[in-house]
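In what follows, chains carry the letters A, B, and so on, assigned in the order in which the sequence lines appear, proteins first and then strands, with residues in each chain numbered from 1. Just so you know, these numbers come straight off a predicted model, no measurement behind them.
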Amino acid sequence: MSQQSEPLNAEALREDFPILEREFNGSQLVYLDNAATTQTPEQVVEAIVDYYREYNANVHRGIHQLSQEASIAYEEAHDRVAEFIGADGREEIVFTKNTTEAANLVAYAWGLNELGPGDEVVLTEMEHHSTLVTWQQIAKRTGAECKYIPITDDEHRLDMAAARELITDDTAMVAAVHVSNALGTINPVAELADIAHDHGAYVFVDAAQSVPNRPVDVREIDADFLAFSGHKMCGPTGIGVLYGKRRILEEMEPHHYGGEMILKVTFEDSKWNELPWKYEAGTPLICQGIALATACDYLDSIGMDAIERHEADLAAYAYDRLTEQNDVDVYGPPGDDRGGLVGFNVDGVHAHDLSSILNDHAVAIRAGDHCTQPLHDVLGVSASARASFYLYNTRDEIDRLVEAVDDARQLFS
Amino acid sequence: MGLGSDMYRQQILDHYKNPRNYGELEDSDFEHVGENPLCGDTIKLFVKLADDDETIERVSFVGDGCAISQASASLLSTELRGKTLEEVQEMDREDVEELLGVDLTPMRVKCAVLAEKVAQDGAAIYVGDEEIDQTTTE
Ligand SMILES: Cc1ncc(COP(=O)(O)O)c(C=O)c1O
């Protein structure tokens, strides 16, 4: 691993995010909905503006100067993202719309062709709908079966003993979330990959909540596929990434056809373009892809290890402050061992009521099922509140959160 | 104060904490269930009609969910008494807002109108205009 970065200075970084200066009802915004989407630093906004002001053109096919500039920037953005997650070059990096589309790409291109009756897909109880619904539906269409690794009752971690029982020679795919967006649990995905590979199965890692806030190395995990979204890591919306091992991406058939993804077309047949373009049919998300590379630069300039430590500190602090009152249920593992988010419920205050009242205090959190309805069934609640942090959040903001929760508690007592 | 706090005026909190007409009606003429998947709110409404088979004599409800949905159900349960089933169908979102005495933020409208929609669907099914199992507000 590279050497440790300096601790980050959140106050200084806030300068890069003018949106954080906004005020509502006379109070400064406290933005704690970063697991849904993160704010965009000036550097990334500038990359977007720069693209449209200076070299907006379609990629790959143009001979003219603008198209060349756009093509080079777009292609190099794949290299930059590859470097960011330790992949072996642009061939392993497919740009998609988001994590969801990346999951669907694997499910359609690989799952639909490879799965059949007798095959099993092993998921976890804490999967986001983007993975869960996708494999559930592909399984229905192919006759395969989905199984779910349960979570433990006390700390809501994956039950790895159960995982070892559930993953068998019948398993064709293990799809697991790296950091749970509802619980904050950090899952041992490298260990899951090991188990999966022992049984000849592939592993798909949903890294939507991990790539943005900690060093992630696809080789260390030995993931076959890994997906994440640009808008959760200082990038714009409309861009996501599917990492796939080169050998697998070479073997797989594309599932979207059209321009850009072909090498040679006749009336009778077509030959696919080389990786990764084979999976990027049509005009791609050019500006967004380039801006994502800028977001990687931005995050690396701070240091992913520094971001990870900062978030861990905020999560532990929020956990401690919220559990000072014994009417608060916090989900997931203890404060010092979780991703940078805290899911909770206050006794007697529905999560949506809580979120409405917090909004009066200009505190933005999320309330609902966080696209994990089956997980909420397991937890036995219909909704939860979630505060999620990023590199620009501070302990003072968590104090504001706690004050607002106190206010809600009083209103409802 | 913003829209949110306005939404939690005393009346809503009072009806949430002390719901009126809470419980099941043994002798109801019809009952109907609805759900708002967004909040996980559920409302089951029980309606007893007068001898004319169209005027509402008594309403009760059971339910679970956010304050807005449960307070609306409680307020509605008192408001519906004496109305005909036809009059129930004529109610709309503004009537609910008036009952609650607040302007609703867009995301919370579904919570507020759930009870009303349950009453309307339940009544429509009772008079044979509609065939649905369950009402949802999404
Ligand atoms: C763990 C996890 N997986 C997948 C997603 C889906 O991301 P997107 O909506 O960008 O496809 C999210 C975000 O909502 C998430 O938190």
Side-chain angles (χ1 to χ4, degrees), chain A residues 22-30 33 36 129 133 182 343 345-386 400-401 403-413, chain B residues 1-19 22 33-44 61-75 96-97 100-115 134-138:
Chain A
R22 283 201 61 182
E23 294 192 354
F24 304 100
N25 315 319
S27 304
Q28 190 175 348
L29 166 68
V30 173
D33 194 18
H129 293 163
V133 179
N345 264 311
V346 181
D347 210 15
V349 188
H350 189 282
H352 278 102
D353 294 325
L354 185 69
S355 183
S356 285
I357 293 162
L358 262 53
N359 186 50
D360 289 340
H361 294 256
V363 176
I365 63 153
R366 184 145 293 230
D369 57 45
H370 316 296
C371 293
T372 53
Q373 282 177 16
L375 172 67
H376 279 72
D377 290 342
V378 171
L379 297 175
V381 294
S382 61
S384 58
R386 178 187 72 191
R400 291 262 313 270
L401 164 74
E403 275 166 33
V405 169
D406 281 342
D407 187 38
R409 179 184 285 122
Q410 266 168 22
L411 212 50
F412 275 81
S413 66
Chain B
M1 275 290 141
L3 284 171
S5 282
D6 282 352
M7 270 183 354
Y8 296 91
R9 291 236 181 93
Q10 225 37 58
Q11 148 147 295
I12 292 180
L13 288 169
D14 175 37
H15 275 262
Y16 177 58
K17 292 174 195 168
N18 314 297
Y22 196 87
V33 183
E35 180 182 42
N36 164 27
L38 175 75
C39 289
D41 305 323
T42 57
I43 299 281
K44 186 172 187 182
F61 80 100
V62 292
D64 195 17
C66 71
I68 306 286
S69 71
Q70 303 303 306
S72 306
S74 172
L75 283 157
V96 177
E97 280 184 323
L100 288 167
V102 297
D103 289 332
L104 295 162
T105 57
M107 288 300 291
R108 304 304 302 276
V109 168
K110 287 170 188 154
C111 314
V113 298
L114 176 62
Q134 189 178 315
T135 297
T136 63
T137 52
E138 254 201 338

Interatomic spacing from NE2 in A:H350 to CG in B:D41 - rounded to 0.5 Å: 5.0 Å
Separation between CG of A:N359 and CE of B:M107, rounded to the nearest 0.5 Å: 11.5 Å
A:R400 atom CZ, neighbour heavy-atom count above 12 within 6.0 Å: yes
Greater than 12 external heavy atoms within 6.0 Å of A:D347's CG: no
A:F24: ring pair (Phe, Tyr, Trp, His ring centres under 6.0 Å) partners, not counting sequence neighbours: none
side-chain contact (heavy atoms from CB on, under 4.5 Å) between A:S356 and B:R108, worked out: CA-CA 9 Å; A:S356 285; B:R108 304 304 302 276; 2.5 Å; yes
A:S413 versus chain B, the contacting section by heavy-atom distance below 4.5 Å: backbone
Positions in residues 371-379 of chain A that reach chain B, provided some heavy atom is under 4.5 Å away: none
Heavy-atom pair with the smallest gap, counting every atom of B:Y16 and A:G348: OH-O, 3.7 Å
